[in-house]
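What follows is one structure encoded as structure tokens, with my remarks underneath.
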Amino acid sequence: MRVEKAVIPVAGFGTRFLPVTKTQPKEMLPIVDVPVIHYVVEEAVASGISDILFVTSRGKRAIEDYFDRSVDLECLLEHAEKHQMAKALRDISNLADVHFIRQKEPLGLGHAVLLARRHVGNDPFAVLLGDEVFCGQTPCLAQLASIFDSLGGPVVAAQRVSKQEVSNYGIVDARPLSDFLFEVQDLVEKPRVLDAPSDLAVAGRYVLTPDIFPLLSATGPGSGGEIQLTDALRQLARKRTVYALIPSAERHDVGNPVGFIKANILFAVRRGDIGPAVIDFMRDLLIHEATRGQTV
Ligand code: UTP
């Protein structure tokens, strides 16, 4: 069965990004001039997804508005002969069939995914975290979906992280099948460095099967007092083969200020229109800062 439905949980508080996230969803922060969530949806669509369920919460209305038509604005742009921009705005609302469900309390990523149960039904589905952006020739989710198509089991994206970082992630105990593909033996959410079974961290893309739902409903609060998707995946891996794939794609965790700034710089310098000006600015800035360092 092909993966055509995706769940995008965006109901978290985004505390690492306060105060801006007090009133603004972190998923709507721009990478240059395009909101983070736009890249996530584009990746899903380019991977064959046609139906997207956002798990939202209070204060996330801007995401709903972004994927809706903005007829007034389109008319204004058409009037001003800015036809291309009007079309670009219309195209955003036609990207996919989008649905929204509310998570009334931020009880954790696992709880957010469980809310998609009725919408997903008996189909395999993708989960994309709304604060991670992947860049690469083949979309990250398409790479996971292709493993799902050939091997028929759930697949999580993984990436190698440094020792200092293992306690920020779900870490996989994995048996290698190749340099990039692994069979998941076990998973631990945010382990201490000494307890981490490997340096292979779960990244924010998953292809899951509906048998995850009963496991999620039986999962109690775990790390941080939240219902963790990792804990349910751990149970799933005991029942069937779950795969982990290191995708050939660059991952940007834009849910924290440093990752966000790095992504903005990278995307800006790679853009044909503004890239040269940004590079000039950065060269001058670095020279200026280096000389200042010498004179202090
Ligand atoms: P994060 O922990 O990275 O996001 O959750 P957060 O809670 O929004 O941010 P911080 O840690 O407070 O800075 C990973 C993803 O799971 C979603 C988040 O929106 C994010 O996309 N999530 C998390 C939910 O949808 N519901 C939750 O209860 C928790």
Side-chain angles (χ1 to χ4, degrees), residues 6-29 31 35-44 52-64 66-67 98-117 119-120 125-134 140-141 156-159 161 165-171 187-191 201-206 208 212-213 216-217 219-233 251-263:
V7 178
I8 306 186
V10 291
F13 276 137
T15 52
R16 283 167 297 165
F17 238 124
L18 282 168
V20 68
T21 43
K22 185 179 175 195
T23 53
Q24 163 88 347
K26 65 177 167 185
E27 297 80 8
M28 287 304 294
L29 295 176
I31 301 185
V36 167
I37 197 68
H38 186 117
Y39 290 105
V40 178
V41 167
E42 265 189 344
E43 178 194 332
I52 294 177
L53 177 70
F54 286 99
V55 183
T56 69
S57 58
R58 239 163 43 83
K60 303 273 179 167
R61 271 302 282 275
I63 299 175
E64 292 188 40
Y66 185 77
F67 290 103
V98 292
H99 309 267
F100 299 88
I101 189 169
R102 288 263 189 153
Q103 186 186 28
K104 291 176 188 149
E105 274 181 273
L107 298 179
L109 174 60
H111 179 259
V113 172
L114 181 56
L115 292 174
R117 187 177 196 165
H119 186 88
V120 163
F125 64 104
V127 174
L128 299 96
L129 299 195
D131 57 359
E132 289 186 29
V133 171
F134 285 81
C140 174
L141 182 64
V156 302
Q159 71 161 22
V161 294
E165 290 176 304
V166 289
S167 54
N168 298 329
Y169 289 92
I171 301 292
L187 286 139
V188 201
E189 183 63 27
K190 300 193 172 72
V202 177
R205 299 292 184 266
Y206 311 75
L208 300 176
I212 192 75
F213 291 123
L216 277 171
S217 38
T219 300
S223 169
E226 295 191 341
I227 297 172
Q228 299 288 354
L229 179 56
T230 309
D231 292 340
L233 278 170
R251 172 178 171 269
H252 300 281
D253 177 2
V254 289
N256 69 83
V258 173
F260 174 77
I261 288 166
K262 283 185 186 170

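Both counts, for ligands and for their atoms, begin at 1 and track the order of listing. Values below: all heavy atoms of this structure, side chains included; hydrogens, waters and symmetry mates excluded. For the single chain, residues carry numbers from 1 onward in sequence order. Keep in mind the model is a prediction, meaning the values are calculated, not measured.
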Ligand 1 atoms nearer than 4.0 angstrom to some heavy atom of Glu27 are 19 (O)
Of all protein heavy atoms, the one nearest atom 3 (O) of ligand 1 is Arg16 NH2, 2.9 Å
heavy-atom search around atom 12 (O) of ligand 1 in the protein gives Thr15 OG1, 2.5 Å
If you scan protein heavy atoms around atom 5 (O) of ligand 1, the nearest is Asp131 OD2, 4.8 Å
Anything under 30° is parallel, anything over 60° is perpendicular, the rest tilted; go ahead and classify Phe54 against Phe100.
-> parallel
Closest non-hydrogen contact found for Phe13 with Pro106 is CE1-CG, 3.3 Å
Of all protein heavy atoms, the one nearest atom 28 (O) of ligand 1 is Gly108 N, 2.7 Å
Checking Ile8, Leu109, Val10 against Leu129 for side chain to side chain contact (heavy atoms under 4.5 Å, CB included), the one that qualifies is Leu109
Under 3.5 Å, which donor-acceptor pairs link side chains of residues 16-24 to any protein atom two or more places apart or in another chain?
from  : atom 1 : to    : atom 2 : distance (Å)
Thr21 : OG1    : Gly14 : O      : 2.8
Thr21 : OG1    : Phe17 : O      : 3.2
Thr21 : OG1    : Leu18 : N      : 3.3

Rounded to the nearest 0.5 Å, the CG atom of Asn256 sits from the OG1 atom of Thr15 at a distance of 11.0 Å
Numbered in order shown, the ligand 1 atoms found under 4.0 Å of a heavy atom of Ala112 are 24 (C), 25 (O), 26 (N)
of all protein heavy atoms, closest to atom 21 (O) of ligand 1 is Pro9 O, 3.0 Å
Any donor-acceptor pair under 3.5 Å linking the side chain of Glu132 with the backbone of Gly204? yes
Tested for side-chain hydrogen bond (donor to acceptor under 3.5 Å, both in side chains) against His111, the lone hit among Glu226, Gln228, Gln103, Glu105 is Gln103
- Query: Backbone or side chain, does any N or O of Ala11 fall under 3.5 Å from an N or O of ligand 1?
  - Reply: yes
Numbered in order shown, the ligand 1 atoms found under 4.0 Å of a heavy atom of Pro106 are 28 (O)
Should Glu226 be counted as touching ligand 1, given the test is an N or O pair under 3.5 Å?
no
So the atoms of ligand 1 within less than 4.0 Å of a heavy atom of Gln103 turn out to be 24 (C), 25 (O), 26 (N), 27 (C), 28 (O)
_Any Glu105 heavy atom less than 4.0 Å from ligand 1_ = no
Value for NZ (Lys26) from NZ (Lys60), rounded to nearest 0.5 Å, stands at 6.5 Å
If only side-chain N and O atoms count, and only distance matters, is there a donor-acceptor pair under 3.5 Å linking Glu189 with Thr230? yes
Distance col, row Thr56:OG1 vs Arg61:CZ, nearest 0.5 angstrom, shows 9.5 Å
CG of Leu29 to CZ of Phe260, rounded to nearest 0.5 Å, is 5.0 Å
In this structure, atom 9 (O) of ligand 1 is nearest to the protein heavy atom Lys26 NZ, 3.1 Å
> Is Leu107 close to ligand 1, meaning an N/O of one under 3.5 Å from an N/O of the other?
Replying inline: yes
Under 4.0 Å from one or more heavy atoms of Gly130, ligand 1 contributes atoms 21 (O)
Among non-hydrogen protein atoms, atom 16 (O) of ligand 1 lies closest to Leu109 CD1, 3.5 Å
for atom 22 (N) of ligand 1, nearest protein heavy atom and its distance come out as Gly12 N, 3.7 Å
So for His111 against ligand 1, with non-hydrogen atoms under 4.0 Å, the contacting part is neither
